[in-house]
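Here's the structure, in structure tokens; my notes come after.
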Amino acid sequence: LLSNELLYERKEYSRWIAVTDNHLMQRTALKRTELCKAITFLIDYNIIDLKKEGFPATKRYRVSYLKLGYLTALYLKQKNK
């Protein structure tokens with residue numbers, strides 16, 4: 001989903017990405033309930049933001065690069081102990 005982002009740009013967040021639940025389920029192989037729980041987890045830990053726009057409402061997500069970078073560094077630090 002983020003493959004079109006320029007990773008060398010230092011931004012706090014990715015651009016907003018419009019994506020349907022069905023598309024996410026297809027890309028992740030998660031069932032709808034699993035997907036909803038995963039999205040809730042990611043929002044609760046400030047890894048992603050969600051907004052709904054338009055009529056009918058379209059879900060849009062963005063990723064916090066700062067939070068994702070912090071968690072990745074923390075994981076790598078623990079893994080290399």
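This one's a predicted model, so the numbers in the text were calculated from it and none came from an experiment. For the numbers below, each heavy atom of this structure counts, side chains included, while hydrogens, waters and symmetry mates do not.
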Measure the spacing between CD1 of I47 and OG of S64 and express it to the nearest 0.5 Å. 8.5 Å

Qualifying residues under side-chain hydrogen bond (donor to acceptor under 3.5 Å, both in side chains), relative to N22, sequence neighbours excluded: R32

Value for CE (M25) from SG (C36), rounded to nearest 0.5 Å, stands at 8.5 Å

Pairs satisfying side chain to side chain donor-acceptor pair (under 3.5 Å), at least one member in residues 50-60, at least two apart: D21-K59, K51-E53, E53-R60

Drop me the distance from L66's CG to N46's CG, to the nearest 0.5 angstrom. 11.5 Å

Between atom CD of E12 and atom NZ of K67, what is the distance when rounded to the nearest 0.5 Å? 12.0 Å

Residue pair Y65 / S14: nearest heavy atoms and the distance that separates them: OH-CB, 3.4 Å

Only counting residues at least two apart or in another chain, list the ones meeting side-chain contact (heavy atoms from CB on, under 4.5 Å) with I48. I39, L42, I43, Y61, V63

Sorted by chain and number, sequence neighbours left out, side-chain contact (heavy atoms from CB on, under 4.5 Å) with L30 holds for T28, E34, L35, A38

Using residues 69-80 as the side-chain source, report each donor-acceptor pair under 3.5 Å to any protein atom, sequence neighbours left out, with the distance given to one decimal.
residue : atom : partner : partner atom : Å
T72     : OG1  : L68     : O            : 2.8
N80     : ND2  : L76     : O            : 3.1

Going by salt bridge (Lys or Arg N to Asp or Glu O under 4.0 Å), name the residues that satisfy it together with D49, two or more places apart in sequence or in a different chain. R62

